[in-house]
Amino acid sequence: MELFSPLKLKSLDPHNIPEVLDTWFDQNERLMPWRETRDPYRIWLSEIILQQTRVAQGTPYYLAFINQFPTIEKLANAPEDEVLKLWQGLGYYSRARNLHFAAKQVMMEFSGEFPNQYSSILKLKGVGPYTASAIASIAFGEKRAAVDGNVIRVISRLFGISEDTNQSVTQNTIQKLADELIKDSNPGRHNQAMMEFGAMQCVPKNPNCQNCPLSEYCIALQNQWVDQIPLKVKKLKRRSRYFHYFIIQDDSNVWLHRRSENDIWNGLYQFPLIESSSNELNLPDAVFSILGSLSVEMIKSNKAKKHVLSHQDIYATFHHIKVKCLPESSFISSKLNEVHTFALPRLIDRYLESNDF
DNA sequence: GACGCGTGGAA
DNA sequence: TTTCCAAGCGT
């Protein structure tokens with residue numbers, strides 16, 4: 001089957017794309033800690049951290065993990081709390097749990113030897129087709145096209161694919177083109193070049209097409225479709241959730257609440273809260289509720305995206321317990337156990353840093 | 001196949 | 001201010 005259709009254009013021969021890309025990568029590759037090694041453990045760790053995460057955000061976490069867990073064995077032997085604590089603030093916490101689980105998988109199911117081919121790497125929890133391809137190609141030189149968000153964007157533009165890239169049919173088309181492009185390449189390097197190109201040059205918004213080494217190959221550019229490709233049919237509307245946090249403490253303790261499953265921040269710790277659908281909160285009811293039913297699950301709702309703090313400054317006294325609604329900063333306690341992984345860690349930091357209680 | 005999961009930066 | 005979205009995956 002001819003994947004690079006001659007009918008599509010007047011663009012140059014797509015078979016030359018990998019070489020052009022390789023030259024571009026020579027001149028534009030960014031230095032990253034995980035690019036200094038072919039240790040599959042480190043490649044894997046970096047790939048998990050970078051899922052849906054920018055390099056700048058993930059890099060400090062990568063360094064902290066390597067520092068604390070230089071080998072996969074040390075990671076596997078650590079308590080899960082310790083792994084989660086190190087992940088604190090990065091988001092998508094199931095990645096941390098799966099990371100820990102997979103480390104134990106490697107120790108138990110692979111005798112401590114990191115799996116060395118796509119099919120077995122794919123068995124690791126938290127590793128899907130993209131990540132398995134990336135590890136197999138970068139650490140072991142296997143010819144697997146790793147297709148992530150960057151590659152989807154680059155290929156859909158180059159080949160003028162205007163269909164919805166959220167559809168699996170479209171993704172299959174893109175995967176085939178990616179498979180075609182990786183032939184005759186150094187696969188690990190080619191994959192990284194594709195992703196780097198998407199991240200640096202063929203960016204989502206306002207890419208600099210006037211100064212692009214692939215402009216002559218780009219069907220989207222020739223048709224002035226660049227700002228419409230890749231097409232992603234938008235889904236659900238966002239909704240706001242309002243979390244009113246309370247700090248409840250006596251002289252030496254602060255009340256913490258552990259969130260439960262089927263909602264955001266599963267298993268993480270936080271101050272007890274009242275959730276409402278608007279920014280308003282009935283204080284007496286809220287205080288009564290928070291003190292009377294801390295063990296009762298708060299009302300849950302789906303499709304949440306944003307968490308807004310109430311700024312009302314509320315103060316009440318129940319016996320010897322002080323209750324205050326948290327406006328972005330509050331008071332201090334030394335009794336927050338370090339092993340807890342907090343939702344909204346920056347909020348906790350502000351609490352710890354203040355001295356007015 | 002649709003949905004849920006986090007955070008921070010950019011426009 | 002709001003919206004988008006960034007090296008995806010599990011259920």
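All figures in this text were calculated on a predicted structure; none of them were measured in a lab. Each chain gets a letter, A, B and so on, in the order its sequence line appears, and its residues count up from 1.
- Following rounding to the nearest Å, A:I49 (CD1) and B:dG8 (P) show an atom-to-atom distance of 15 Å.
- The interatomic distance linking A:W87 (CH2) with C:dC9 (P) rounds to 13 Å, in whole Å.
- The side chain of A:Y92 lies closest to B:dG6, out of C:dA6, C:dC9, B:dG6.
- Using a 4.0 Å heavy-atom cutoff across all strands shown, A:M194 reaches no nucleic acid atom at all.
- Atom CD of A:E196 is separated from atom P of C:dA6 by 15 Å (rounded to the nearest Å).
- In this structure, A:A199 and A:K125 both approach DNA chain C, and ranking their closest nucleotides by distance from the 5' end singles out A:A199.
- Of all heavy-atom pairs between A:A146 and A:N191, the closest is N-OD1, 3.1 Å.
- Contact check, A:Q52 against C:dG8: a side-chain N or O comes under 4.0 Å of OP1 or OP2.
- Atom CZ of A:F342 and atom P of B:dT7 are 14 Å apart (whole Å).
- In this structure, the nucleotide among B:dG8, B:dA11, C:dG8 sitting nearest to the side chain of A:N206 is B:dA11.
- Between A:S168 and B:dG1, a side-chain N or O to OP1/OP2 separation shorter than 4.0 Å is present.
- Within a 6.0 Å sphere centred on CG of A:D22, heavy atoms belonging to other residues, nucleotides or ligands number more than 12.
- Among the nucleotides C:dA6, B:dT7, C:dG8, the one closest to any side-chain atom of A:Y93 is B:dT7.
- Where A:Q57 and A:K205 each meet DNA chain B at their nearest nucleotide, the meeting point lying more 5' is that of A:Q57.
- In this structure, of B:dG8, C:dG8, B:dA11, it is B:dG8 that holds the atom nearest to the side chain of A:R54.
- At the heavy-atom level, A:W34 lies under 4.0 Å from base atoms of the strands shown.
- For A:E80, the CD atom sits in a packed shell: over 12 heavy atoms of surrounding residues, nucleotides or ligands are nearer than 6.0 Å.
- Residue-to-nucleotide proximity on DNA chain C shows that, of A:P230 and A:L124, the 5′-proximal contact is made by A:P230.
- For the pair A:N98 CG and B:dG6 P, the interatomic distance rounds to 12 Å; values are reported in whole Å.
- Heavy-atom nearest nucleotides on DNA chain B were determined for A:Q167 and for A:G91, and the one closer to the 5' end corresponds to A:Q167.
- Across all strands, A:L90 comes closer than 4.0 Å to base atoms (heavy-atom distances).
- The residue A:V127 sits close only to the backbone: its heavy atoms come under 4.0 Å of sugar-phosphate atoms, none of a base.
- Within a 6.0 Å radius of CD in A:Q171, other residues, nucleotides and ligands contribute more than 12 heavy atoms.
- The phosphate of C:dA6 (OP1 or OP2) has a side-chain N or O of A:K232 nearer than 4.0 angstrom.
- Look at CG on A:N166: it is 12 Å from C1' on B:dG1, rounded to the nearest Å.
- Remark: A:R97 is not in phosphate contact with C:dG10, judged by side-chain N or O atoms under 4.0 Å from OP1 or OP2.
- For A:W87 and A:Y92, the ring centers sit 6.0 Å or farther from each other.
- Distance, A:I152 CD1 to C:dC5 C1': 13 Å, rounded to whole Å.
- Within 4.0 Å of A:G89, counting heavy atoms only, lie sugar-phosphate atoms of the nucleic acid but no base atom.
- A:I229 approaches A:S156 most closely through the heavy-atom pair CG2-OG, 3.3 Å.
- Donor-acceptor pairing under 3.5 Å is lacking for the side chains of A:Q228 and A:S162.
- Regarding contacts with the backbone of B:dT7, every side-chain N or O of A:Y61 stays at 4.0 angstrom or more from both OP1 and OP2.
- For the pair A:Q51 CD and C:dC9 P, the computed distance is 5 Å after rounding to whole Å.
- A sub-4.0 Å separation between OP1 or OP2 of C:dC9 and a side-chain N or O of A:S94 is absent.
- On the P atoms, B:dG6 is 14 Å away from C:dT11, given to the nearest whole Å.
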